[in-house]
Structures are given as C-alpha cells and as structure tokens.
Amino acid sequence: MRYSRYFIPTLKEIPAEAEVISHQLMLRAGMIRKLAAGVYSILPLGVRVVRKVEAIIRKEMDKSGAMEVILPSIQPAELWKEAGRWNFYGKELLRISDRNDREFCYAPTAEEAVTDLVRGEVRSYKDLPINLYQIQTKFRDEIRPRFGVMRAREFSMKDAYSFDTDQDGIDHTYIQMKQTYKSIFKQCGLKFKVVEADTGQIGGSSSHEFMVLAESGEDTIAYCDECNFASNIEKVSLDNCEFAYDGNHLPMQEIDTPQLKTIGEVSEFLGVSPQKFFKTLVYKTDDENNKAVVAVCRGDHSINPVKLANAIGVNEVTLANEELIESVTGAPVGFVGPIGLKKVSVYGDYSIKPILNGITGANKKDKHMKNVNSNRDMTHVVWKDIRNPVDGDSCPAIGVGKLSLAKGIEVGHIFKLGAKYSKSMGATFLDKNGKEKPMLMGCYGIGVARTIASAIEQSHDEKGIVWPVSIAPFKVIVILLQPKEELVVTTAEMIYADLIKAGHDPILDDRDQRPGVKFNEADLIGFPVQVIVGKKSVANKKAEIKVRKTGKIQDVPLETITDTIISTLDGLG
RNA sequence: CGGGGCGUAGCGCAGCUUGGUAGCGCGCCUGCUUUGGGAGCAGGAUGUCGGAGGUUCAAAUCCUCUCGCCCCGACCA
C-alpha cells in the first residue's frame with residue numbers, strides 16, 4: 001500500500017470531545033470518526049485493525065469447533081416477547097417498525113434469534129453439542145455512550161451460543177470457551193485477567209469476565225497476590241465478622257453536630273476516625289412497591305449496589321432521593337442512622353459488627369449518636385455481605401492472600417445460561433431414552449472495537465499508539481525520506497517490493513512531505529517497525545530499522561535489509 | 001433520567017459581561033525557498049456564529065423555545 005494513495009486523515013490537535021487516550025489516538029490516527037453520539041465510522045486504517053482482531057477470533061473459534069453464522073441484526077418483536085425480554089430490556093432496546101407497523105428491534109444480542117434457529121432444526125441428542133458464533137453489528141441505546149468506541153451504542157461484537165445435552169457437556173464447552181478466549185486475548189497482545197462475575201440481567205449460573213487492566217477502565221476488579229483468585233468486586237465474598245462483645249459498652253448518647261453532614265466533617269469535628277462510623281444509606285428497590293431499604297456499612301467503606309440487590313432478592317437498587325430519605329428516617333440527608341428505624345428493613349454489612357462505641361446519625365437534624373454498639377443497639381439489622389472490597393481485604397479463595405484492586409475494561413464475557421432461553425422458547429431435543437429435554441446453553445461475547453481500544457490504552461506513549469504486532473494495521477512502514485532523490489526512491493521501492501514478495505503487507509510512505517511529518521505520523525499511528533530510507537544512509541548502501549516500542553534504531557546494510565526487517569518483526573512476536 | 005458544561009471556518013479556540021466591520025492558531029489552495037522529527041515567506045479560499053422565534057434602527061452578543069454534543073452518576077461487549 002502506498003501512503004500517498006491511502007486515506008489516513010490524521011490530526012495534530014486533540015479533538016475536544018475525546019477524554020480517554022484510546023479515543024484521542026484513534027481519532028488522531030485517522031482510524032475513526034464520529035457520526036452521532038456513540039455511533040462511529042471506521043476508516044481504512046481502523047478497518048485493517050478490526051480485520052486482524054476478527055481473524056484471530058475466527059481462527060480460535062473455528063479451532064474450538066464453533067461455526068460461524070450471520071444472524072439478522074433486525075429482529076421481530078414476537079421473538080423477544082416470547083423469551084420475555086421485549087419489556088424487560090427497557091429503553092436500551094432500539095425498537096423500530098416497518099411500513100406495516102410491525103414491530104422490530106435492532107438486536108443488542110442474539111439469544112432469541114439463535115435459539116429460534118436451533119429449535120427449528122435440532123431434534124436429537126445426536127446433533128448436539130453445537131456452538132454457533134457470529135461477528136455482527138449490535139445496537140444498544142446506552143444511557144450514556146462515552147469514551148469513543150469503548151462504550152458506543154453501535155458496536156461490533158463476536159457473540160457465540162452453545163447448546164449442550166447435559167451439565168457435563170455445558171461445563172466442558174464453558175471451559176473450552178474460557179481457554180479459547182484466553183488464547184484470543186493473548187494473541188491480541190493484551191494483559192488481562194479472567195475474573196468471576198455476576199450474571200446480571202442475562203442470567204444463568206456461572207460467568208467470567210475478561211478484563212484488560214487499564215486505568216481508564218470502568219470496572220473494578222479484585223485480585224489476590226497469593227493465589228490466582230480474581231473477581232469483579234461485586235462478586236467478591238467477604239468474611240463475616242464477630243460482634244465486639246469484649247470491651248466496655250458505653251451508654252448510647254445523642255450529640256450535637258450542627259450542619260455536619262458528611263462522615264468526613266463529623267469525623268474531623270469529633271476527632272474520631274471514619275472506621276468507627278456506621279455509614280447509613282437509603283436505597284429504593286425495583287420491586288412492585290418500590291420499597292425502600294436501608295443499608296449500613298463502615299464509614300470508610302462503600303456499599304456495592306449489586307451485592308445489596310442480591311442480598312435483598314431484587315433486580316436492582318438505586319440510591320433514594322432526599323424526599324424518600326426523609327420519609328423513611330424523618331431526618332434530612334446527612335443525619336441518617338440505623339437506630340430506631342421501624343418501617344424499613346435494615347441491612348448491615350458484616351464489617352460493622354466489631355465497631356465498639358461507634359457513631360452514626362440520630363435520624364434528627366443536626367444530631368448524631370455516639371457509643372453505638374451493633375450487638376446491643378442493632379438487633380433489628382439483617383447481616384449480609386454488601387460492601388465493596390478494599391485493598392488489603394483477605395482473599396476469599398484460600399484465605400491466605402490479600403486482595404488488591406485494579407481498574408479494568410471488560411473485553412469479553414462468558415455465561416453459562418443453562419435452560420433459561422431453551423425453556424422459555426421450547427428449544428428441546430430427544431435424549432437417548434426418547435425423553436424430551438431443554439438444551440443447555442452458554443453464551444460468549446467479545447467486543448471487537450473495545451478490544452482494540454483497550455490495546456491502545458495498554459500500549460501507547462506520548463507520541464502515539466504502540467501496536468502489538470499481531471493487530472497493527474501495517475506491521476512495517478517503509479519511510480521514503482526524499483521522494484526527489486532517485487537512489488532513495490529506487491532503494492525504498494526495492495525494499496517495499498521485497499517485503500511484498502516475502503509475503504508481507506507493508507505500507508510505503510512515498511508522500512512529498514517533510515521528514516518530520518513522516519516520522520511523527522508513523523509514531524502516532526504506531527507501526528511496529530519503521531524502515532527509514534534516506535539519502536545519508538543510502539549513500540553508504542544502508543537503511544535504518546526503527547522499532548516503535550523501544551525507539552531503537554539500527555543501521556543495516558541493504559543486502560540484508562529485508563531479512564533483518566523480517567527477523568526484527570519475528571523478535572517482536 | 002438527575003447534576004454540570006459546550007455549540008463561532010475541516011480541527012483547536014477568542015469575541016458574548018457592556019449589541020454596531022466575525023477573528024486567531026493549525027489544516028487547505030497557489031508560488032518561491034526549504035527538506036533527518038509536525039518548515040519559512042508571500043498571496044488566497046472557506047462561516048445560514050447549531051436551529052426557530054422574539055426584543056432592537058441594529059443580535060454571535062440580550063430574552064424564550066428547541067436540537068445536538070461532552071463530562072459526573074445507574075448499565076454493558
């Protein structure tokens with residue numbers, strides 16, 4: 001490919017809309033452009049990276065025995081109603097109607113479509129197991145798209161759906177997919193962790209997320225420094241604790257805390273550390289009455305809403321507004337405490353049990369309570385594990401290590417669905433004994449663009465992207481420095497042609513541009529290997545090979561240049 | 001949806017408070033010079049000032065409505 005005829009609109013300045021580094025660099029390197037909120041065009045350079053990631057995915061999926069299909073991206077409402085998700089999915093599901101006012105949606109995922117396909121064609125255990133995947137555009141009308149392609153509304157996802165006859169079968173498929181995913185992300189050059197995850201809205205019994213570690217990640221994961229335990233924070237079970245029976249339980253006492261609403265303020269005012277506080281929050285649940293609940297954790301901890309929802313047995317909880325807080329506790333925000341709350345259920349995190357003579361809101365304006373003891377004063381509390389883990393919590397796996405927290409980008413997610421969809425949609429088969437059974441399903445997703453963005457998040461420097469070789473748009477750029485010097489031109493053309501002959505796919509920067517422009521753009525786009533052909537080195541029958549990642553440049557005689565380029569590439573993996 | 005902010009040339013921004021000629025940098029076009037890390041000089045093109053109403057002799061600027069976008073929260077590949 002000749003740069004002069006390739007479409008790469010680079011930007012020198014950072015577009016104002018881009019917050020995270022991958023978004024900035026993808027815009028600047030001319031890979032993507034925005035069409036609407038969360039909707040992006042992918043330009044030629046971006047497409048090349050997409051194709052490389054897709055090729056890795058296809059190779060590994062095919063190797064696992066999965067088969068590629070293409071399911072419709074526009075799907076009829078009836079199918080979604082049958083599975084019970086038409087109403088459940090809410091506003092995230094983009095609904096459209098055709099000219100006859102028939103309802104359709106732009107599919108955010110394809111469990112319904114694939115289950116419909118399989119139930120129509122598969123009748124016997126002899127036809128199972130089967131694993132079907134596609135790489136298809138999805139649409140989720142996200143509440144807040146952000147971070148460029150990292151959380152777009154329209155996005156390409158590889159989604160796979162497996163159908164097995166029994167538990168052993170699905171367990172096996174699940175493990176195989178986990179291995180396949182590890183292999184895919186490894187080949188994409190990513191540093192990632194496989195973590196246990198909540199099954200959330202999709203449902204099912206078991207679930208793992210593939211998290212690329214990156215500061216800009218929207219998820220927090222906890223991992224152990226001693227064993228290989230790693231988990232989404234909402235899935236980390238934390239130890240129960242003992243009440244503080246020892247020690248002198250002082251009489252509970254109301255104290256004045258005028259205008260002091262936050263734990264920080266009260267803590268400073270009283271000279272007592274936040275660890276001695278009972279932090280009390282009011283949540284609204286999504287059950288039919290929108291019933292309110294109260295959750296209590298330690299002052300220096302935070303409540304995890306997913307854990308809380310699971311503990312209560314509802315789908316989700318949201319923080320209550322001031323009105324609801326006042327109606328439940330009789331006090332304004334900032335003075336809420338668990339003592340004396342009769343009308344609502346109060347859930348207490350285990351970690352507050354040992355607090356001796358602690359402090360909490362008095363449910364009266366400008367008042368707090370001191371000398372509060374959970375075993376004496378909170379007999380109405382239901383004890384649960386509802387807080388977020390913090391650095392240094394003990395690992396729940398074997399119990400020796402300590403947990404650390406890290407930010408991650410979820411690039412893949414696998415679920416054991418079981419019979420959830422096959423039951424509701426009648427995807428059954430006849431087993432060896434002629435008995436009808438629901439197929440056991442699993443589903444497995446990979447965000448393609450998100451994988452690319454996370455590679456950039458993980459691998460860049462102040463000059464630009466540093467592509468992992470496996471997914472670089474071009475592995476090699478031949479930079480022709482003086483397009484008017486004949487010897488330079490013929491040399492660069494020769495290297496370029498030799499690389500093609502050797503089965504490579506280089507790009508030749510033959511533009512009439514100043515060297516600085518070429519160097520800077522090559523670094524911005526991040527070609528792993530740059531071959532610099534300039535008149536100074538050509539005069540000595542040499543050219544330079546620069547490795548983007550290290551910045552190291554070596555002078556190489558022209559007679560061995562192609563071999564050296566290839567071995568340099570091999571050395572980079 | 002709640003809270004905050006922004007829409008002025010392709011991109012980044014100034015101008016708006018206090019109404020009166022639409023500006024700067026980058027990019028783009030032409031010419032000359034330059035040519036190993038985003039060149040210099042000279043010349044040039046480009047704007048329904050997001051849109052619609054209103055106030056006014058006069059609106060980018062003031063008022064009302066509206067659309068779009070970004071950031072913070074709940075969701076997810």
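Reminder, nothing fancy here: chain letters follow the sequence lines and each chain counts from 1.
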### Message
Any salt bridge linking A:Lys91 with A:Asp141? Criterion: basic side-chain nitrogen under 4.0 Å from a carboxylate oxygen.
### Response
no

### Query
Base, sugar-phosphate, or nothing for A:Glu92, non-hydrogen atoms under 4.0 angstrom?
sugar-phosphate

#### Entry: Options B:rG38, B:rC76, B:rG36, nucleotide nearest the side-chain atoms of A:Leu481
B:rG36

### Task
Give a yes/no on whether any side-chain N or O of A:Arg146 is located under 4.0 angstrom from OP1 or OP2 of B:rG73.
yes

### Task
Considering only atom C1', compute the distance from B:rA39 to B:rU56 and round it to an integer number of Å.
50 Å

### Query
Is any side-chain N of the basic residue among A:Arg511 and A:Glu521 closer than 4.0 Å to the acidic one's carboxylate O?
yes

### Message
What's the closest nucleotide to the side chain of A:Asn520 if the choices are B:rG37, B:rC69, B:rU35?
### Response
B:rG37

### Query
Rounding to the closest angstrom, what is the interatomic distance between B:rA58 and B:rC1 at atom C1'?
42 Å

### A:Lys307 NZ - B:rA74 C1' separation (whole Å)
18 Å

### Query
In whole angstrom, what separates A:Gln482's CD from B:rG37's P?
11 Å

### Query
What integer number of Å spans the P atoms of B:rG5 and B:rC24?
30 Å

### Task
Could you tell me whether the side chain of A:Gln513 has a donor or acceptor atom within less than 3.5 Å of a complementary atom in the base of B:rG37?
no

### Query
Roughly how many Å is it from CD1 in A:Ile409 to P in B:rA77, rounded to a whole number?
15 Å

### Task
Tell me the partner of B:rC24, counting only Watson-Crick (N1-N3 plus N6-O4 or O6-N4) or G-U wobble (N1-O2 and O6-N3) with both under 3.5 Å; none if nothing fits.
B:rG12

### Query
Which nucleotide, B:rC26, B:rG36, B:rU35, lies nearest any side-chain atom of A:Lys12?
B:rC26

### Query
Counting only heavy atoms not in A:Lys138, do more than 12 fall under 6.0 Å of its NZ?
yes

### Message
Would you say A:Arg514 places a side-chain N or O within less than 4.0 Å of OP1 or OP2 belonging to B:rG38?
### Response
no

### Message
Let's test this: given Watson-Crick or G-U wobble pairing with both distances under 3.5 Å, identify the partner of B:rG7.
### Response
B:rC67

### Message
Whether A:Lys536 and A:Asp555 form a salt bridge (side-chain N of Lys/Arg under 4.0 Å from carboxylate O of Asp/Glu) is what I want to check.
### Response
no

### Query
Which one, B:rU35, B:rG37, B:rA77, comes nearest to the side chain of A:Lys463?
B:rG37

### Message
Under 4.0 Å from OP1 or OP2 of B:rA74: is there any side-chain N or O of A:Lys284 that close?
### Response
no

### Task
Could you tell me which nucleotide pairs with B:rG47 by Watson-Crick or G-U wobble geometry, both distances under 3.5 Å, or answer none if nothing does?
none

### Query
Taking only side-chain nitrogens and oxygens of A:Arg144, does any of them come within less than 4.0 Å of OP1 or OP2 of B:rC71?
yes

### Task
Would you indicate what A:Lys34 reaches in the nucleic acid, counting non-hydrogen atoms under 4.0 angstrom: base, sugar-phosphate, or nothing?
sugar-phosphate

### Query
Under 4.0 Å: is that the gap between some side-chain N or O of A:Lys518 and OP1 or OP2 of B:rG38?
no

### Task
Would you please indicate yes or no on a ring centroid separation below 6.0 angstrom for A:Phe474 and A:Tyr6?
yes

### Query
A:Ser537 near the nucleic acid: base, sugar-phosphate alone, or nothing, with a heavy-atom cut-off under 4.0 Å?
base

### Message
Pairing donors with acceptors under 3.5 angstrom, does anything connect the side chains of A:Ser22 and A:Glu457?
### Response
yes

### Query
Does a salt bridge link A:Arg548 with A:Asp461, judged by any charged N lying under 4.0 Å from a carboxylate O?
yes

### Query
If you check every side-chain atom of A:Ile143, which of B:rA74, B:rA77, B:rG38 has the closest atom?
B:rA74

### Query
If you measure from the P atom in B:rC29 to the same atom in B:rG3, how many Å do you get, rounded?
47 Å

### Message
According to a cutoff of under 5.5 Å between the ring centres and under 30° between the ring planes, does A:Phe155 stack with the base of B:rA77?
### Response
yes

### Task
Please determine if A:Arg146 and A:Glu19 form a salt bridge, counting it only when a charged side-chain N lies under 4.0 Å from a carboxylate O.
no

### Task
In whole angstrom, give me the gap between the P atoms of B:rG23 and B:rU34.
35 Å

### Message
Distance check needed: B:rG37 C1' versus A:Glu462 CD, whole Å only.
### Response
13 Å

### Query
What does A:Val411 touch in the nucleic acid at a heavy-atom separation under 4.0 angstrom: a base, only the sugar-phosphate, or nothing?
sugar-phosphate

### Message
Does A:Gly534 reach a base, just sugar-phosphate, or nothing at all? Heavy atoms under 4.0 Å.
### Response
base

#### Entry: Passing option when A:Tyr89 is tested against A:Trp80, A:Tyr106, A:Phe139 for ring pair (Phe, Tyr, Trp, His ring centres under 6.0 Å)
A:Trp80

### Query
Is it true that atom NZ of A:Lys81 has more than 12 heavy atoms of other residues, nucleotides or ligands lying nearer than 6.0 Å?
yes

### Query
Salt bridge between A:Glu111 and A:Lys420, side-chain N to carboxylate O under 4.0 Å?
no

### Length of the line joining A:Leu480:CG and B:rU35:P, which is rounded to integer Å
17 Å

### Strand partner of B:rC1, provided both Watson-Crick or wobble distances fall under 3.5 Å
B:rG73

### Message
Suppose you measure atom C1' in B:rA9 against the same atom in B:rC72; what distance do you get, rounded to whole Å?
### Response
32 Å

### Message
Counting the atoms with a prime plus P, OP1 and OP2 as sugar-phosphate, which does A:Ala152 contact under 4.0 Å by heavy atoms, base, sugar-phosphate, or nothing?
### Response
base

### Task
Write down the distance separating the C1' atoms in B:rU55 and B:rG47, rounded off to the nearest Å.
25 Å

### Nucleotide of B:rC76, B:rU35, B:rG37 approaching A:Arg151 most closely (side-chain heavy atoms)
B:rC76

### Task
Map A:Lys536 and A:Ala449 onto RNA chain B by nearest heavy atom, then report which one ends up closer to the 5' terminus.
A:Lys536

### Query
Quick one: do A:Glu493 and A:Arg2 make a salt bridge, cutoff under 4.0 Å?
yes

### Task
Could you please name the option among B:rC71, B:rA77, B:rG38 that lies closest to any side-chain atom of A:Glu19?
B:rC71

### Task
Have a look at A:Arg28 and say if it touches a base, only the backbone sugar-phosphate, or nothing, with a 4.0 Å heavy-atom cut-off.
base

### Task
Sort out the partner of B:rC62 for me: Watson-Crick or G-U wobble, both distances under 3.5 Å, none otherwise.
B:rG54

### Query
Given B:rC75, B:rC26, B:rG37, which nucleotide is nearest the side-chain atoms of A:Asp523?
B:rG37

### Task
Just call it for A:Asp219: base, sugar-phosphate, or nothing, with non-hydrogen atoms closer than 4.0 Å on any strand.
base

### Query
How far does the C1' atom of B:rU46 sit from the matching atom of B:rU30, given to the nearest Å?
15 Å

### Query
Counting only Watson-Crick or G-U wobble pairs whose two distances fall under 3.5 Å, which nucleotide matches B:rA39?
B:rU33

For nucleotides 9-15 of chain B, tabulate all protein N/O to nucleotide N/O atom pairs closer than 3.5 Å, reporting atom names and distance.
residue, atom, partner, partner atom, Å
B:rC11, O2, A:Glu13, OE1, 3.3
B:rG12, OP1, A:Ala16, N, 3.0

### Message
Quick check on RNA chain B: between A:Ala37 and A:Lys535, whose nearest nucleotide comes earlier from the 5' end?
### Response
A:Lys535

### Message
Just to be sure I understand the rule, does A:Gln136 reach a base, reach only the sugar-phosphate, or reach nothing, if contact means heavy atoms closer than 4.0 Å?
### Response
nothing

